[in-house]
*Asks:* 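Let me give you the structure first, and then I'll get to my questions.
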Protein chains: 2
Amino acid sequence: MGGHELSARGAGTRALILDAAVDAFAESGYAAASVREIAARCGLTHPALLYHFPTKAALLMAVLERRDSVGAPGGGMDALHGEDLLAHLVETAARNAAAPGIVELFATLAGEATAPSHPAHDFFVARYASLLGMVERAYRELAEDGRLTPGVDPADAARRLVAVMDGLQVQWLLDRSVDMAAGVAAQVSAHIVTPG
Amino acid sequence: MGGHELSARGAGTRALILDAAVDAFAESGYAAASVREIAARCGLTHPALLYHFPTKAALLMAVLERRDSVGAPGGGMDALHGEDLLAHLVETAARNAAAPGIVELFATLAGEATAPSHPAHDFFVARYASLLGMVERAYRELAEDGRLTPGVDPADAARRLVAVMDGLQVQWLLDRSVDMAAGVAAQVSAHIVTPG
DNA sequence: GTCTATATAGAGATAGAC
DNA sequence: GTCTATCTCTATATAGAC
């Protein structure tokens, strides 16, 4: 198919830059990582990188948006309901244990991005609103089936489940012997009553 | 008593610097905050600040260590046992809702400091080890009294309670309508069985 | 104890050659 | 699409006057 090797290599370079940016932002955070360092990681100079992404903030947003389209949570979770959605979060935690870079990225940025002036602030506000909304819905569906522990508020349970996921990620980054998936699973089953 | 106004003012300046440093590190993180900005906040130039704290990293450590001696958790928690210790964590969460600066500081730094090269890395490793140890002990004491929900592992419950505290702090920083204390209280009561 | 001035280094971003 | 060279700004830290 008719030879567009230059633009193909262009797309490859973009992906290469995004991979390097994930690592750099994960290790040092957004503020401390430098465009020069990211460019060096893929054998480029920093003007070459800025040809593909006009600013450092644009690079960060591209990193975050690519991750959201590829990984969980966010992709395909709308189709899941009730216990299936909660089980999906346990799987996500298990999968994350094999991807330290992604966990570092989000744990580091979540803290930084609480500042309203941070370029990823709006992204994280939207991300949490979406995630919390979906998990709350799952708990409500569980409640309709009489499978939610009595007296538990679905919105509160959702907040705490998401908090457990985030908090265990930090603990896991400080001590890799922490079992994130087991913790999330325990948190899920703490509020589910098995009928019978 | 007996006129050491210069050294008294010296101590006052130190405290002034630490207060400004808390705010700056909280708002921007350690990497993004600058010594100049912190000095300006208390009407000093940056060499004046560096007279009191030799390096930026030393300033960060002083901030963290002062907070540990003043605030919770860490101070006086060894004397608390079982349910009292867990109740103390609920009170801490309630108190934190009135101190956004402290919450921002620890939420921002916890992410940054997962990197082993971060100046506060060892501090956070030690802090989590200590905190998790105390909470786990509280859950074990609860279990001995038959008040821990059967089948719940004290170490796992401790990890998840600390994770809820941390995770709710991030959510609260993004949306101040989140009730941190209520969430922590709900997490505590989720694993306590009231005998009778 | 605080200042001005400076050393040294690195940041993000742009101009223009190839 | 990538480079070299450079602009401008800011950073941490130090020297030395007061």
*Asks:* To the nearest Å, how far apart are A:L44 CG and D:dT2 P?
*Replies:* 6 Å

*Asks:* Does A:Y30 have any ring-ring contact (aromatic ring centres under 6.0 Å, His included) partners at least two apart in sequence or in another chain, and if so, which?
*Replies:* A:F25, A:H118

*Asks:* List the residues meeting ring-ring contact (aromatic ring centres under 6.0 Å, His included) with A:H46, not counting sequence neighbours, and say none if there are none.
*Replies:* none

*Asks:* What's the CD1-C1' distance between B:I17 and C:dT2, to the nearest Å?
*Replies:* 11 Å

*Asks:* Honestly curious: do A:M77 and A:V125 fall in one hydrophobic cluster under the side-chain, below-4.5 Å linking rule?
*Replies:* yes

*Asks:* Can you sort out the partners of A:D84 under side-chain hydrogen bond (donor to acceptor under 3.5 Å, both in side chains), two or more places apart, ordered by chain and number?
*Replies:* none

*Asks:* Does a side-chain N or O from B:Y51 land closer than 4.0 Å to OP1 or OP2 of C:dG1, or not?
*Replies:* yes

*Asks:* Donor-acceptor pairs under 3.5 angstrom involving side-chain atoms of residues 153-163 of chain A: please list them, not counting sequence neighbours.
*Replies:*
{"residue": "A:D153", "atom": "OD2", "partner": "A:D156", "partner atom": "N", "Å": "3.2"}
{"residue": "A:D156", "atom": "OD2", "partner": "A:R160", "partner atom": "NE", "Å": "3.0"}
{"residue": "A:D156", "atom": "OD2", "partner": "A:R160", "partner atom": "NH2", "Å": "3.2"}
{"residue": "A:R159", "atom": "NH1", "partner": "B:Q171", "partner atom": "OE1", "Å": "2.8"}
{"residue": "A:R160", "atom": "NH1", "partner": "A:H191", "partner atom": "NE2", "Å": "3.1"}
{"residue": "A:R160", "atom": "NH1", "partner": "B:Q187", "partner atom": "OE1", "Å": "2.9"}
{"residue": "A:R160", "atom": "NH2", "partner": "A:H191", "partner atom": "NE2", "Å": "3.3"}

*Asks:* Between A:T45 and D:dC3, does any side-chain N or O lie under 4.0 Å from OP1 or OP2?
*Replies:* yes

*Asks:* Give the rounded distance in Å between these two atoms: CZ of B:F53 and P of C:dG1.
*Replies:* 12 Å

*Asks:* Going by side-chain hydrogen bond (donor to acceptor under 3.5 Å, both in side chains), name the residues that satisfy it together with B:H121, two or more places apart in sequence or in a different chain.
*Replies:* none

*Asks:* CG of A:L49 versus P of D:dC3: gap in Å, rounded?
*Replies:* 10 Å

*Asks:* To the nearest Å, how far apart are B:L59 CG and D:dA13 C1'?
*Replies:* 14 Å

*Asks:* Summarise protein proximity over nucleotides 11-18 of chain C in one line of letters, 5' to 3': B for base, S for sugar-phosphate only, - for none, counting protein heavy atoms closer than 4.0 Å.
*Replies:* BBBB----

